[in-house]
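The structure appears right after this line, and notes come after that.
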Amino acid sequence: MGGIVEPRLLRGLQDLFPAQMHARQWIIDTIRGVYERYGYVPLGTPAIEFLDILSGTAGEETQKQLFEVRGPEGEQLGLRFDQTVSLARVVAQYADLPRPFRRYQVAPAWRCDNPYEKRGRFREFVQFDIDAVGVESDVADLETITAMCDTMAALLQAAGTQAGRDTGGFRVRVSSRRVLNLLLGFAGLPPDSAHDVFRVLDKLDKLGHERVRLELTTGYVDDSGSRVRGLGFSGAQVDRIDQFLSIRATSRGDALTQVGELFKDVLGAAAELEPLARMSERLHALGYGDELVAYDFSIARGLDYYTGTVFETILLDLPEFGSVCSGGRYDDLVMRFLGERVPAVGTSVGVDRLLIALTELGCAPLRKCSAQVLVTVFDPGLMDHYLAMTYELRRAGINTELYLGPEKRIGKQVRYGDHYEIPVLVVCGPDEHARGEVQLKDMAVGRQRTAEVKDRGQWRAERPGQFNVPRDQLVLAVTKLLAEVGNES
RNA sequence: GCCGGUGUAGCUCAGUUGGAUAGAGCGCCUGACUGUGGAUCAGGAGGUCUCCGGUUCGACCCCGGACGCCGGCACCA
């Protein structure tokens, strides 16, 4: 006999309303178009995995962020925190899967960290991944990077932003864990400090040189008053890291030259840098210039399973927003499930984060309606005629909604169409019906006149955007009107 | 998890040293104006003042605690 259950949502989870869902679906469709053009095939895996599959694959932090789930028989389960671990499981489990296996997957993932919705961080979020598994060749890394570029270009251009900008409004930043490992040797740091050091380097953009230096040595107290633990390295060690971080490259070639110069006495450095030089040349040859893809070796990325190249994508108009698409090479992840090394490289678009970013930039395609036409019900006695018109329009391929509410008043129905921004209304009262006509309303015209017409008498006399057409020309007239208002589907 | 802030209508917020039926704007609903969005006018609904305890003749206000939310850190899509 309980009282009312308070409707509520767990922190970090979101309800998406129609306008946002339209935009999210558009983002997904756009990305899928690019991924399929690259020949990736779709894969689906369950949201729930055994806990030991998920545990210990991506570092301590991710471990703490796991949503744990109890199975019907008390099994220890968890919700996936990304798509990659499940992919590694699939590749290990189905040995007959031909390799290379190049798949895309779009699905939600869950991480129980602190949500920050203004920057698109949620506890449940949709990721759109591509990965190539069983691929040693660094051509796969190149393909992943160009796919990221093509994806971002498609999204931003179609969303109507950045048109004509040679940067495309985004930049893919590429780094390499292997080069960063050389840094450890160069600076005289123990190999097991890699995780901590990379984590700090990754913050260079956000915190700046001085704080990164402090965090590597003594730690500091930040603006909010909380203490940041230092890693306790010596001045000499940090000086060398500083030299590395001070590299300001004007191009990919320049970045490689400067790192090569700095690491000239480091064993194996030339061998690590050579493939990056080759990749850069190929990127240039394919039309991906220095403004689209940059080498920036302060990028490390947080997930522990990365072993080679890592990449992230920033929006140039929202540099503080963080990466909207990132990934890297993870040659040892499948090993956990198969005992055999299966090299792989992939990337992931943060669909929900991108949605927030596009909204912030004012270019998310937030459509409130699916319908292009609303057929109003002026007189319930004419319902059979309204039904006939509705199905006629639908069969002509026009998205059409028939008004289903109880209101008899036409004003209410027009407001309904206005609220949902349905571009065209069909009105047919007894008068029109008697004359064998229907009235079409171009809602955009009315909306525009609204700002100009102050007097109600004038408004009503003018009846902006309204005109009558013969009933038997309904589909033709609606098609023509939709083409004029730019809303043909 | 840590640091700081904050909690009053669907939303944004007022609310005097602690005083009686808790307010505004926006939004929503109803109605007026020829059978049609905006504007205008008239009316209406909507509150356990986050919760629990304490102080007091009296608490939205003061005190203690819990919880929620916002921001920063950490981490990341």
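Lettering follows sequence order; numbering is per chain, from 1.
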Pair [X] + [Y], salt bridge at N-O below 4.0 Å:
X         : Y         : value
Glu49(A)  : Arg80(A)  : no
Glu392(A) : Arg471(A) : yes
Asp331(A) : Arg329(A) : yes
Asp29(A)  : Arg32(A)  : yes
Glu143(A) : Arg102(A) : yes

Would you indicate what [X] reaches in the nucleic acid, counting non-hydrogen atoms under 4.0 angstrom: base, sugar-phosphate, or nothing?
X         : answer
Gln413(A) : nothing
Asp442(A) : base
Gly417(A) : nothing
Val324(A) : sugar-phosphate
Gln83(A)  : nothing
Tyr416(A) : nothing
Glu312(A) : nothing
Gly446(A) : base

| query | Hey, does the side chain of Lys412(A) come within less than 4.0 Å of G37(B)'s phosphate (OP1/OP2), counting only N and O? | reply |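 Result: no.
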Which one, [options], comes nearest to the side chain of [X]?
X         : options                : answer
Arg111(A) : C76(B), G37(B), A74(B) : C76(B)
Arg11(A)  : G37(B), C69(B), A74(B) : C69(B)
Arg121(A) : C29(B), C76(B), G37(B) : C76(B)
Asp418(A) : C69(B), A74(B), G37(B) : G37(B)
Arg447(A) : C76(B), C29(B), G37(B) : G37(B)

Spacing of the [atom1] atoms in [M] and [N] (rounded, Å):
N      : M      : atom1 : value
A39(B) : A32(B) : C1'   : 14 Å
G15(B) : G7(B)  : P     : 11 Å
U50(B) : A59(B) : P     : 15 Å
G58(B) : U21(B) : P     : 15 Å
C63(B) : C70(B) : P     : 25 Å
A14(B) : G47(B) : C1'   : 15 Å
G68(B) : G54(B) : C1'   : 22 Å
C29(B) : U16(B) : P     : 34 Å

Round to the nearest Å and state the distance from [X] atom [atom1] to [N] atom [atom2].
X         : N      : atom1 : atom2 : result
Asp202(A) : C76(B) : CG    : P     : 7 Å
His195(A) : A74(B) : NE2   : P     : 13 Å
Glu215(A) : G72(B) : CD    : P     : 17 Å
Phe17(A)  : G10(B) : CZ    : P     : 15 Å
Ile299(A) : C76(B) : CD1   : P     : 12 Å
Arg415(A) : C29(B) : CZ    : C1'   : 10 Å
Asp304(A) : C76(B) : CG    : C1'   : 13 Å
Arg409(A) : U34(B) : CZ    : C1'   : 13 Å

| said: Check for me whether the distance between the ring centres of Tyr386(A) and Phe378(A) falls short of 6.0 Å. | reply: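 For Tyr386(A) and Phe378(A), the ring centres are not under 6.0 Å apart.
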| said: Centroid separation under 6.0 Å, is that true for the rings of Tyr104(A) and Tyr40(A)? | reply: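 Here the rings of Tyr104(A) and Tyr40(A) have centres that are no less than 6.0 Å from each other.
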| request: State whether the distance check finds a donor on one side and an acceptor on the other, under 3.5 Å, for side chain Arg353(A) versus base C76(B). | output: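 Counting by modelled atom types and ignoring angles, a donor-acceptor contact under 3.5 Å is found here.
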| said: Tell me whether the rings of Tyr35(A) and Phe128(A) are parallel (<30°), tilted (30 to 60°) or perpendicular (>60°). | reply: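 Aromatic pair Tyr35(A)/Phe128(A) classed perpendicular.
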| query | Given that Tyr306(A) and Glu432(A) both sit by RNA chain B, which one's nearest nucleotide is further toward the 5' end? | reply | Glu432(A)
| said: Taking Glu312(A)'s backbone N and O only, do any of them form a donor-acceptor pair with Arg171(A)'s side chain (distance below 3.5 Å, no angle check)? | reply: no
| message | I need the minimum non-hydrogen distance between Ala23(A) and Leu366(A), along with the two atoms involved. | response | CB-CD2, 3.9 Å
| message | Expected output check: what is the dot-bracket annotation of RNA chain B, where ( ) and [ ] are pairs inside the strand (brackets for crossing ones), | is paired with another strand, and pairs are Watson-Crick or G-U under 3.5 Å? | response | (((((((..((((.....[...)))).(((((.......))))).....(((((..]....))))))))))))....
